[in-house]
2 protein chains.
Amino acid sequence: MRIITNNSANGLGAETLRRRGFRLTGPRRLILEMVQGTDRHPTADWVHRQVRRRLSRVSLGTVYRNLRLLVEEGMIKELPGIAGPQAGAARFDGNTTIHHHFTCSECGGIRDLSEAVDRSLDRRMAARTGLRISHHRIEFYGRCPACQARQGRRRRSRKRR
Amino acid sequence: MRIITNNSANGLGAETLRRRGFRLTGPRRLILEMVQGTDRHPTADWVHRQVRRRLSRVSLGTVYRNLRLLVEEGMIKELPGIAGPQAGAARFDGNTTIHHHFTCSECGGIRDLSEAVDRSLDRRMAARTGLRISHHRIEFYGRCPACQARQGRRRRSRKRR
DNA sequence: CTATTGTTAGTAATGATTCTCATTACGAAC
DNA sequence: GTTCGTAATGAGAATCATTACTAACAATAG
Ligand SMILES: [Mn+2]
Ligand SMILES: [Mn+2]
Ligand SMILES: [Zn+2]
Ligand SMILES: [Zn+2]
């Protein structure tokens with residue numbers, strides 16, 4: 001067979017790739033694994049650094065190219081810009097289920113919130129406005145525990161993303 | 001007096017400027033007016049084009065500088081990245097009240113939603129997660145009436161922002 | 001008047017992302 | 001296994017949005 005044998009965990013992944021005739025190449029598999037294997041909603045740059053630890057020759061262009069491809073295939077998602085420090089860089093999410101986020105307005109860290117999504121909100125809003133709504137996402141903001149710990153001082157300390 | 005005489009409508013504006021010792025200069029006033037005078041959540045580039053119709057020599061740098069300043073002063077807000085086409089450019093909002101948005105996933109247009117904001121959601125979420133939440137914003141997605149009109153065909157037609 | 005501070009236009013510099021192109025890896029068919 | 005068409009990649013140029021820097025000017029304080 002010409003595609004992957006393992007990776008059966010994320011069934012959709014391999015299946016989608018096969019259907020579209022894509023190969024799960026070395027770089028591509030690593031990129032997918034990195035995004036799926038973390039909950040930090042990484043930037044392309046972070047993924048690149050991680051991938052290079054295993055395949056040192058992978059280029060940043062390949063990382064972008066494949067991230068976009070994987071998003072298109074629905075295997076990962078892209079998080080529309082986040083407020084706060086470190087804005088301006090795309091972030092990716094291996095968790096493709098619908099869920100909301102908490103963003104620390106100080107360090108820019110993003111956490112998944114497991115609370116259920118209220119589909120009825122879409123219906124109600126649609127009814128009131130006449131708009132056709134496909135979905136919604138809620139972004140919560142505040143300071144994360146870590147940032148609350150190191151009180152006031154040392155604010156503005158941008159942390160690597 | 002050394003500041004503005006009119007512009008009393010958006011009281012906070014003039015007041016804030018005076019307090020901080022800022023002047024409401026020509027370029028600055030126009031930039032503020034442009035953002036406050038539209039509901040299209042414009043990009044810096046759009047504001048620049050508008051301002052130039054009145055003061056043709058205003059530079060893009062000045063627009064950015066003042067947009068950031070006005071955001072810092074709380075006179076306008078910046079919308080953290082929006083999904084869909086035309087992502088990647090900051091958007092500004094003259095409506096400083098807390099409100100939610102509807103974004104057309106096809107043309108990228110953004111509409112204000114006047115529905116009330118549920119502050120209790122913050123409290124409930126905070127209680128459940130232990131996070132300290134300052135606020136939240138909800139982004140609804142779908143296709144706007146206009147995009148629904150010109151059906152299927154002519155999709156992917158990026159429109160100027 | 002003179003020093004200080006606020007503002008600006010113009011332009012160079014950045015950071016993130018996309019594009020281009022020559023090269024390589026694969027898989028299917030001889 | 002050699003050949004051939006296509007997918008995928010690395011390297012670097014190009015593009016876009018944004019910021020930084022600079023020199024000149026204007027308003028204000030003393
Ligand atoms: Mn997530
Ligand atoms: Mn708005
Ligand atoms: Zn934090
Ligand atoms: Zn639309």
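Any value given below was found using the heavy atoms of this structure, including those in side chains, with hydrogens, waters and symmetry copies removed. Throughout, protein chains are lettered first and strands after them, A, B, ... in sequence-line order, and every chain is numbered starting at 1.
- Remark: B:Thr25 is in phosphate contact with C:dT8, judged by side-chain N or O atoms under 4.0 Å from OP1 or OP2.
- Per the geometry, CD belonging to B:Glu73 stands 10 Å off P belonging to C:dT7, to the nearest Å.
- Qualifying side-chain hydrogen bond (donor to acceptor under 3.5 Å, both in side chains) partners for B:Ser120, counting only residues two or more places apart in sequence or in other chains: B:Asp118, B:Arg124.
- When the side-chain nitrogen and oxygen atoms of A:Arg23 are compared with OP1 and OP2 of D:dA8, none of them lie within a distance under 4.0 Å.
- The aromatic rings of A:Phe140 and B:His136 sit tilted relative to each other, their planes meeting at an angle between 30° and 60°.
- Here A:Arg57 reaches the OP1 or OP2 of D:dA11: one of its side-chain N or O atoms lies under 4.0 Å away.
- Between B:Arg28 and C:dT7 there is a side-chain N or O to OP1 or OP2 distance below 4.0 Å.
- A donor-acceptor pair shorter than 3.5 Å cannot be found between the side chains of A:His100 and A:Asp112.
- Scanning residues 59-67 of chain B for heavy-atom distances under 4.0 Å to DNA chain C yields B:Ser59, B:Thr62, B:Arg65, B:Asn66.
- Checked against C:dT8, D:dA8, C:dT17, the side chain of A:Phe22 finds its nearest nucleotide in D:dA8.
- Between A:Glu78 atom CD and C:dT17 atom P the separation is 8 Å, expressed in whole Å.
- Applying the 6.0 Å contact sphere to CZ of B:Arg128 captures more than 12 heavy atoms from other residues, nucleotides or ligands.
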